[in-house]
Structures are given as structure tokens and as C-alpha cells.
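All values reported here derive from a predicted model rather than from experimental measurement.
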Amino acid sequence: MPELPEVETTVSGLRSVLQGATLTRVEPRRADLRFPIPVDLRQRMTGATVTGLSRRAKYGLIETDRGDMMIFHLGMSGRWRIDPAEIGAHDHLLLETGSGHLLSLNDPRRFGSLDLVRSDAWQGYAPFTRMGPEPLGPDFDAAYLAKVLDGKATSIKAALLDQRIVAGLGNIYVCEALNMAGIAPTRAAGRISKPRLGLLVEAIRTVLSAAIVAGGSTLRDYARPDGELGYFSNQWRVYGREGQICPCGGTVQRRVDGGRSTFHCPKCQK
DNA sequence: ATCGGAGCCTGTGTGC
DNA sequence: TGCACACAGGCTCCGA
């Protein structure tokens with residue numbers, strides 16, 4: 001899916017049109033994505049004013065003056081389109097604002113989700129209850145990682161993809177951060193020294209921040225809400241670059257585990 | 001308890 | 001051109 005930087009970019013784009021806007025039309029166009037869409041979403045959101053937009057891990061949060069919070073997840077192929085030229089089969093939710101903007105939540109593969117909770121209870125939303133800290137937040141540091149990874153036999157790559165450990169990383173940024181930190185993706189998570197975990201934390205922060213600044217990465221089915229493309233894919237060190245040269249001079253290799261591609265450089269990642 | 005793998009969907013690119 | 005197949009950013013459940 002769009003990972004953390006893409007969701008951050010999406011929320012920023014949505015904020016420019018939705019902050020303070022009144023929703024004059026709220027139209028779910030199917031009953032479910034990955035999960036059922038609340039049947040009362042249209043009724044509760046129509047006529048409401050958007051008071052705030054934010055992000056938790058890979059989820060976008062849209063609050064209204066009625067005390068409701070709409071929570072969306074983009075899955076693998078989800079994106080928001082602002083004032084799209086035409087509405088197609090994969091536009092699953094339409095929002096119209098008082099100022100005349102039309103927004104569409106578009107998700108061909110429907111791995112995304114759309115939900116509605118009370119704002120004061122959002123932290124109790126099931127996906128959030130067991131989620132780890134934000135990688136860009138103050139609670140994510142080497143000491144924390146050392147504690148939660150202690151004794152873990154699973155690979156560091158699998159551990160970083162586990163949202164209970166740290167929330168918001170996906171395949172692309174895990175590959176990138178491990179390369180930047182010089183850590184092999186197959187290394188046992190519990191067998192990395194604390195100084196190296198410190199390097200890893202910094203690498204994760206650096207790669208996520210750079211991606212947010214660049215507006216997210218571009219993949220076949222991802223675009224920013226305003227339709228522009230993100231440019232971070234130009235900065236990938238290893239992801240999608242099998243056979244090409246790593247910044248260290250080594251050759252990027254691709255392997256598949258669990259049906260998922262891993263890109264790494266055997267020369268500088270140990 | 002922990003781990004690897006399958007499955008959910010659709011679209012696109014590749015090779016025959 | 002047509003077709004089959006591999007592959008894609010996430011997440012959850014299942015069985016070993």
C-alpha cells in the first residue's frame with residue numbers, strides 16, 4: 001500500500017480541500033471494501049463540517065464537528081482523487097464540499113477500508129489497540145527497539161513490517177532503511193547490537209522524512225490526491241533496482257520470501 | 001508463542 | 001492480437 005509517507009502526503013492533500021469544509025454530499029458507492037462500510041456513514045457525515053485531518057500509521061483520520069471520525073486505509077492500491085475528470089468503477093466513496101470540490105476514494109483492489117468511530121474513542125479502534133509507536137515519534141528509539149526485539153528469532157525485515165513493533169513501515173521503506181543502516185534483511189531481529197539499532201532508527205527516520213518531503217513514492221497505482229506524482233521513487237537506493245549498483249558500489253539483489261520481494265546489497269548489508 | 005505461507009482483489013506488464 | 005502467468009505498496013488468519 002501506500003506506506004506512511006504516502007498516507008501523510010495524502011492527508012496533506014486532503015487537508016487543503018477538506019479542512020473547514022462542509023460535506024454537502026457523502027456517497028458510498030458499494031457496501032464494503034476489505035470490510036463493510038458503516039451503513040450510517042452517509043447519514044452521519046452529510047452536512048457535517050470537517051474540523052481536522054491527521055494520520056496514525058497508515059490510516060488517515062478525518063474528524064467532523066459532530067464528534068465523528070472517519071478512518072480510511074488505502075490498502076495496496078487506494079488513493080484519493082480531487083476533482084476527478086470522471087467517476088469510474090473503482091471510485092468507492094464520493095465527497096462533495098460546500099465550495100464545490102468533489103473527492104473520490106478510489107481503490108481497484110479493495111484492500112483498503114473505510115470506517116467511522118466516535119472521535120473521543122478513536123484510540124480504541126481495534127487496529128490501533130495493539131499498534132506500536134510512530135517511527136517519527138519520540139517513543140521510537142534504540143532502547144525501545146532493543147527491548148521489543150530481544151530474543152526474537154524472526155528476521156529484522158519481518159519484525160519491521162510487523163505493525164505491533166513499529167507502525168507505518170511497509171516493504172519499500174523497510175528495504176530502504178535496512179540498506180541505509182547496513183543491516184542484512186535476513187539478520188535475526190534479536191541479534192543486532194544496540195548501536196546498530198540506533199543507526200537503524202536514524203535510517204528509518206531519514207528515509208521516511210525524505211519521502212514525505214518528496215511527496216511520497218510513485219508506483220503504478222499511486223498518485224497524490226491532486227493527481228501529481230511523488231518523486232521519491234527516483235531516490236530509491238535498492239527497492240526495484242535488482243542488478244543495479246548500490247551507493248556502496250555493490251550490486252543490488254532481489255530475493256522473495258513469503259511471496260514478497262526483498263531488495264538488498266550483500267556487499268554493505270551484514 | 002512464534003513463524004511462514006495462503007488468501008483477499010484487480011490491473012498491468014511480460015513472454016509465448 | 002490473444003492468452004497465461006507473474007507480480008504489485010497490506011494485513012489477517014491458519015496450521016505447523
message: With a 4.0 Å limit, can you tell me whether A/Gln163 has a side-chain N or O closer than that to the phosphate oxygens OP1/OP2 of C/dG10?
response: no
message: Taking only side-chain N and O atoms of A/Ser77, does any of them lie within less than 4.0 angstrom of OP1 or OP2 on B/dG11?
response: no
Just list the side-chain donor-acceptor pairs under 3.5 Å for residues 246-256 of chain A, sequence neighbours left out, or say none.
{"from": "A/Arg254", "atom 1": "NE", "to": "A/Ser261", "atom 2": "OG", "distance (Å)": "2.9"}
{"from": "A/Arg254", "atom 1": "NH2", "to": "A/Ser261", "atom 2": "OG", "distance (Å)": "3.0"}
{"from": "A/Arg255", "atom 1": "NE", "to": "A/Asp257", "atom 2": "OD2", "distance (Å)": "3.0"}
{"from": "A/Arg255", "atom 1": "NH2", "to": "A/Asp257", "atom 2": "OD2", "distance (Å)": "2.7"}

Side chain of A/Thr154 (C-beta onward), nearest among B/dC3, B/dG11, C/dG10: B/dC3
task: Look at all strands and tell whether A/Ala153 reaches a base, only sugar-phosphate, or nothing, counting heavy atoms closer than 4.0 Å.
output: sugar-phosphate
message: If the cut-off is 4.0 Å, is A/Arg254 near the phosphate of C/dA8, judged by side-chain N/O to OP1 or OP2?
response: yes
query: Is any side-chain N or O of A/Lys58 closer than 4.0 Å to OP1 or OP2 of C/dG9?
result: no
query: Donor-acceptor pair, A/Gln163 side chain versus A/Gly168 backbone, under 3.5 Å?
result: yes
message: For the residue pair A/Tyr125 / A/Asp115, report whether a side-chain donor-acceptor contact shorter than 3.5 Å exists.
response: yes
query: Do A/Asn179 and A/Arg237 meet the criterion of a side-chain donor-acceptor pair at a distance under 3.5 Å?
result: yes
query: Is A/Arg109 side chain donor-acceptor paired with the B/dC9 base, going by distance under 3.5 Å alone?
result: yes
field: Stem regions touching DNA chain C, defined by at least 3 consecutive Watson-Crick or wobble G-U pairs below 3.5 angstrom
entry: B:2-8 with C:10-16, B:10-16 with C:2-8
query: Whole Å only: how far is the CG atom of A/Asp107 from the C1' atom of C/dG10?
result: 11 Å
task: Specify the separation, in whole Å, of atom CE of A/Met76 and atom P of C/dC7.
output: 13 Å
query: Distance check: side-chain N/O of A/His90 vs OP1/OP2 of B/dG11, anything under 4.0 Å?
result: yes
message: Taking C/dA6 as the reference, what is the distance to B/dA6 when you measure between their P atoms (whole Å, please)?
response: 13 Å
task: In whole angstrom, give the distance that lies between atom CZ of A/Arg130 and atom P of C/dT12.
output: 10 Å
- request: Kindly point out which of C/dC11, C/dA8, C/dG9 is positioned nearest to the side chain of A/Glu6?
  value: C/dG9
query: With a 3.5 Å cut-off and no angle check, do the side chains of A/Ser155 and A/Thr186 form a donor-acceptor pair?
result: no
query: Counting only distance, no hydrogens or angles, is the base of B/dC9 paired donor-acceptor with the side chain of A/Arg34 under 3.5 Å?
result: no
query: A/Ile71 has an atom CD1; how far is it from atom C1' of C/dC11, in whole Å?
result: 16 Å
- request: Kindly say if A/Tyr59 contacts the phosphate of C/dG10, meaning a side-chain N or O under 4.0 Å from OP1 or OP2.
  value: no
- prompt: If every non-hydrogen atom of A/Pro2 is compared with every non-hydrogen atom of A/Glu6, which pair is closest and at what distance?
  reply: CB-CB, 3.5 Å
query: Within this structure, what is the CG-to-C1' distance between A/Leu161 and C/dG9, rounded to whole angstrom?
result: 11 Å
field: Side chains of A/Asp107 and A/His92, donor plus acceptor under 3.5 Å
entry: no
- line: The residue, A/Lys152 or A/Arg260, whose nearest nucleotide of DNA chain B is more 5′ is A/Lys152
message: Nearest whole Å is fine: how far is C/dG10 C1' from A/Lys157 NZ?
response: 12 Å
message: Can you measure A/Phe263 atom CZ to C/dG9 atom C1' for me and round it to whole angstrom units?
response: 12 Å
- prompt: Given that A/Arg110 and A/Ala158 both sit by DNA chain B, which one's nearest nucleotide is further toward the 5' end?
  reply: A/Ala158
query: Rounded to whole angstroms, how far apart are OH on A/Tyr173 and C1' on C/dG10?
result: 15 Å
message: Tell me every residue that passes salt bridge (charged side-chain N to carboxylate O under 4.0 Å, His left out) with A/Arg56, counting only those two or more places apart in sequence or in another chain.
response: A/Glu134
query: Choosing from C/dA8, C/dG9, C/dC11, which nucleotide comes nearest the side chain of A/His73?
result: C/dC11
